[in-house]
Amino acid sequence: MSDHLARLNPEQRESVETIDGPLLVLAGAGTGKTRVLTTRFAHILLTRRAFPSQVLAVTFTNKAAREMRERVAAILGQPADGLWLGTFHALAARMLRRHAELAGLTPSFSILDTDDQLRVLKQLMEAERLDLKRFAPQALMAIIQRWKDRGLTPARITPAEDSDFVNGRAKILYAAYQDRLRTLNACDFGDLLLHVTEILRAHPDVLAEYHRRFRYILVDEYQDTNLVQYLWLRLLAQGHQNICCVGDDDQSIYSWRGAEVENILRFEKDFTNATIIRLERNYRSTEQILAAASGLIAHNTGRLGKTLRPGRNDATGDKIKIVSLWDSDEEARMVGERIETLRRSGHAASEMAILVRANAQTRAFEERLITLGIPYKVIGGLRFYERQEIRDAVAYARVLNQPSDDLAFERIINLPRRGIGDQGLRAMHERARERAIPLTAAALSLADDGSLRGKVRDAVRTLMTGFDRWRAGIIREGHVTTMAIMLDESGYMDMWKQDKSVEAPGRIENLKEFVRALADFDSIGGFLEHVALVMDNEQNAEGDRVNMMTLHAAKGLEFDTVFLPGWEEGLFPSQRTMDESGVKGLEEERRLAYVGLTRARQRAIVSHAANRRIYANWQSSIPSRFIDEIPAEYVEIETAGSLQRERMIRAPSFTSQFPMAARRPQVIENWEKPARPARTDGIPVGTRVFHQKFGYGMVTACEDDKLDIDFEKAGTKRVLDRFVERA
DNA sequence: AGTGGGACGCTTTTT
DNA sequence: GCGTCCCACT
């Protein structure tokens with residue numbers, strides 16, 4: 001029986017075997033956090049302390065949930081079914097479906113995406129005659145989201161918690177928004193936890209039911225919980241107090257989403273007699289990487305204090321490599337070359353990762369890897385269900401599933417074009433409001449009483465009879481076939497078939513995949529839940545591929561080789577974060593850097609470029625302060641080609657040699673790519689060159705730093721050599 | 001009334 | 001460089 005405990009170190013083992021009472025495990029990066037959690041789960045089951053359905057296990061990401069499910073199944077030797085194991089949101093949704101009526105909803109409520117939320121808010125703000133230019137609906141959405149993160153229903157907002165946005169009307173708009181959602185029988189993401197927490201607070205009988213059900217609670221990534229999530233956990237753990245939270249304050253990187261590291265401190269206060277165990281032995285990274293990461297994170301104040309110690313005795317490993325590049329293209333080239341070299345010496349692509357600060361950065365690397373023919377996958381970024389065509393198809397499914405889903409209906413009423421525009425929609429809204437009926441019914445009523453005429457009326461009738469027919473078809477032909485028929489008969493598929501853009505074929509493929517995925521579910525409702533909460537972009541997952549993702553998405557993962565590009569002031573740490581959240585923001589960025597470094601098992605390559613294109617123009621930037629903060633003895637500055645380096649040093653805007661120089665990036669006025677400094681290697685006559693404005697050409701004469709070039713498109717010109725590159 | 005072209009603004013990070 | 005919003009055109 002103690003088989004599963006055998007491979008644990010003493011602290012890990014203690015974390016697994018301290019079963020009763022509250023337990024907080026402070027687990028540093030790579031100290032076997034996931035192993036502890038899954039082993040603990042299995043231990044509870046194997047020692048027959050609880051049935052699988054009596055354990056509540058909460059993670060942040062679907063990936064983590066999937067992994068834990070697999071690992072538990074592996075330890076148990078059988079598929080772990082009937083578990084309450086999932087993300088906060090998925091579990092909350094499951095609870096809310098069971099008690100929907102207590103929140104004024106029916107069990108078939110829709111879960112809205114950001115688009116829908118924004119549309120509702122916009123409508124409400126327009127109704128209030130607010131100037132949407134001055135008051136951005138996005139800003140209101142963020143405020144409401146933050147309230148929800150803090151467990152605040154409109155009624156719970158105290159004057160101190162109120163916002164002065166839209167002249168203090170934010171709270172009123174929030175209340176109106178919640179009312180509107182209830183009418184729509186819908187929920188946004190934040191509502192899932194908010195409603196459930198409210199239900200548990202107001203209905204002791206429901207709470208007691210869950211107390212009976214859940215004998216043990218396990219929580220992953222505890223440092224990233226926000227206040228509602230904390231309240232929810234605390235309510236559920238109230239009875240037996242058997243709650244185990246695993247987290248690392250140094251890896252708290254979601255405060256912008258409402259996460260509160262303070263929840264870690266609160267734990268000891270709210271759960272008296274809590275045991276606290278620290279996991280500090282790192283089994284993942286080399287000593288060099290550990291020391292570098294520790295040195296970096298030591299610059300943060302107010303840490304709970306944990307020191308990572310190497311847990312294995314093999315080689316100390318390479319130092320962190322720091323590479324300076326001229327611009328982002330060169331950076332992508334450098335990374336591509338190193339990946340090629342590593343692969344040639346037998347390293348698997350899937351053991352390498354490029355971790356970026358912002359999603360937009362992946363593009364340069366994608367382009368480069370495509371050119372080099374290196375397989376890669378982008379993790380995160382645009383999720384499958386975030387694609388336009390999938391959202392449209394989902395909207396069709398939502399109307400099919402729930403005819404009163406006005407938001408979904410609004411999305412597809414004129415998609416494909418049916419000649420219904422602003423006016424038509426406005427009339428429908430009016431009728432819907434007058435008679436308190438859904439938009440679908442309003443549309444029909446307008447068609448029937450002659451308010452809509454001709455083409456428009458026919459279009460509305462065709463669509464509505466279509467929905468009736470498809471709804472009936474579910475029973476006859478099943479939901480999968482019906483979905484395919486609906487996308488076909490509604491003209492939606494044709495819309496993309498006639499679209500001549502390059503993306504269209506891919507979209508049609510995605511739609512087919514969408515229909516295929518439906519087969520894994522026994523109802524459209526179940527499928528919609530999955531799409532809203534779970535479905536992620538794992539399509540190119542198979543095969544040996546280089547991983548590309550944001551630093552946020554990388555948390556919890558590990559790779560032999562990690563590339564950390566874009567370590568520049570303004571980009572990383574992000575200027576925006578520092579402007580908005582000051583030192584707190586900077587420290588969170590630093591934790592992000594720490595997360596990045598500690599993903600690496602063998603080697604980490606940090607790079608920064610002197611010039612980067614942001615929006616349309618070029619920006620010159622200096623190396624990130626984080627580079628200076630890694631203790632020098634664990635760092636190796638790479639000389640990326642002598643010529644290159646000389647240019648770097650002499651580049652006027654480049655101040656890497658003076659780390660204390662001005663931190664803010666400068667915007668370069670001209671629109672062209674910044675010129676490299678004059679080169680010492682004259683470009684000989686006959687060289688094929690490339691110029692940003694004039695394109696490709698041949699050098700016909702050379703005088704000092706001036707070149708006569710015969711351009712293929714632009715004719716003969718005389719230009720300075722620093723404006724051209726060898727082609 | 002609906003559609004399409006041009007101007008503008010701007011993006012961190014995610015369930 | 002891209003998506004969104006507004007205005008002019010059909």
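Proteins get letters first, then strands, A, B, ... in listed order; numbering begins at 1 in each.
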Please tabulate, one pair per line, each protein N/O and nucleotide N/O from nucleotides 4-6 of chain B that are separated by under 3.5 Å, including the distance.
residue: B:dG4; atom: OP2; partner: A:Arg417; partner atom: NH1; Å: 3.1

Can you pull every protein N or O that's under 3.5 Å from an N or O on nucleotides 8-10 of chain C?
none

Quick test: give all pairs of protein nitrogen or oxygen and nucleotides 5-7 of chain C nitrogen or oxygen below 3.5 Å, distance rounded to 0.1 Å.
residue: C:dC5; atom: OP1; partner: A:Lys122; partner atom: NZ; Å: 3.2

For a quick test of your reading: what N or O donor-acceptor pairs under 3.5 Å do the side chains of residues 117-125 of chain A make, sequence neighbours left out?
residue: A:Arg119; atom: NH1; partner: A:Leu407; partner atom: O; Å: 2.9
residue: A:Gln123; atom: NE2; partner: A:Glu410; partner atom: OE1; Å: 3.2
residue: A:Gln123; atom: NE2; partner: A:Glu410; partner atom: OE2; Å: 3.0

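In this structure, the CG atom of A:Asp113 is 16 Å from the P atom of B:dT14, given to the nearest Å. Counting to the nearest Å, the P atom of B:dT15 and the NE2 atom of A:His195 are 21 Å from each other. Distance CG (A:Leu533) to C1' (B:dT15): 8 Å, rounded to an integer number of Å.
Where A:Ile420 and A:Thr87 each meet DNA chain B at their nearest nucleotide, the meeting point lying more 5' is that of A:Ile420. With DNA chain B read from its 5' end, the first of the two nearest nucleotides for A:Leu425 and A:Glu588 is the one closest to A:Leu425.
In this structure, A:Arg363 reaches the sugar-phosphate backbone alone: every heavy-atom distance under 4.0 Å involves primed, P, OP1 or OP2 atoms, never a base. Using a 4.0 Å heavy-atom criterion, one finds that A:Phe60 contacts the sugar-phosphate atoms exclusively. Using a 4.0 Å heavy-atom criterion, one finds that A:Tyr254 contacts the sugar-phosphate atoms exclusively.
OP1 or OP2 of B:dT14 sits under 4.0 Å from a side-chain N or O of A:Asn359. Proximity of A:Thr550 to the phosphate of B:dT14: a side-chain N or O atom is located under 4.0 Å from OP1 or OP2. Listed pair A:Asn414 / B:dT3 meets the phosphate criterion, a side-chain N or O lying under 4.0 Å from OP1 or OP2.
The nucleotide whose nearest atom lies closest to any side-chain atom of A:His89 is, among B:dT15, B:dT13, B:dG2, B:dT15. Distances from the side chain of A:Ser574 to the nucleotides B:dT12, B:dT15, B:dT14 place B:dT12 closest. Listed nucleotides: B:dG2, B:dT3, B:dT15. Nearest to the side chain of A:Arg257: B:dT15.
Checked against side-chain contact (heavy atoms from CB on, under 4.5 Å), A:Asn226 has the following partners two or more places apart in sequence or in another chain: A:Asp149, A:Val228, A:Gln229. Partners of A:Phe88 according to the ring-ring contact (aromatic ring centres under 6.0 Å, His included) rule, which considers only residues two or more places apart in sequence or in another chain, are A:Phe60, A:Trp232. Residues that satisfy the side-chain contact (heavy atoms from CB on, under 4.5 Å) test with A:Asp520, not counting sequence neighbours, are absent from this structure. Residues passing the side-chain contact (heavy atoms from CB on, under 4.5 Å) test with A:Ala593 are A:Leu296, A:Trp567, A:Phe572, A:Phe626, sequence neighbours excluded. Shown here are the side-chain contact (heavy atoms from CB on, under 4.5 Å) partners of A:Arg461, two or more places apart in sequence or in another chain: A:Ala447, A:Asp448, A:Arg457. For A:Trp84, the ring-ring contact (aromatic ring centres under 6.0 Å, His included) partners at least two apart in sequence or on another chain are A:Phe214. Annotation: ring-ring contact (aromatic ring centres under 6.0 Å, His included) contacts of A:Tyr222 (sequence neighbours excluded): A:Phe267.
Pairs engaging residues 188-197 of chain A under the salt bridge (charged side-chain N to carboxylate O under 4.0 Å, His left out) rule: A:Lys148-A:Asp188, A:Lys148-A:Asp191 [sequence neighbours left out].
Side-chain polar atoms of A:Glu389 and A:Asn510 form a donor-acceptor pair below 3.5 angstrom.
Within 6.0 Å of CZ on A:Arg363 lie no more than 12 heavy atoms contributed by other residues, nucleotides or ligands.
Residue side chain A:Thr577 reaches the base of B:dT12 through a donor-acceptor N/O pair under 3.5 Å, judged by distance alone.
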| query | Taking it one step at a time, do A:His195 and A:Phe109 satisfy ring-ring contact (aromatic ring centres under 6.0 Å, His included)? | reply | CA-CA 12 Å; A:His195 284 325; A:Phe109 65 81; 8.1 Å; no
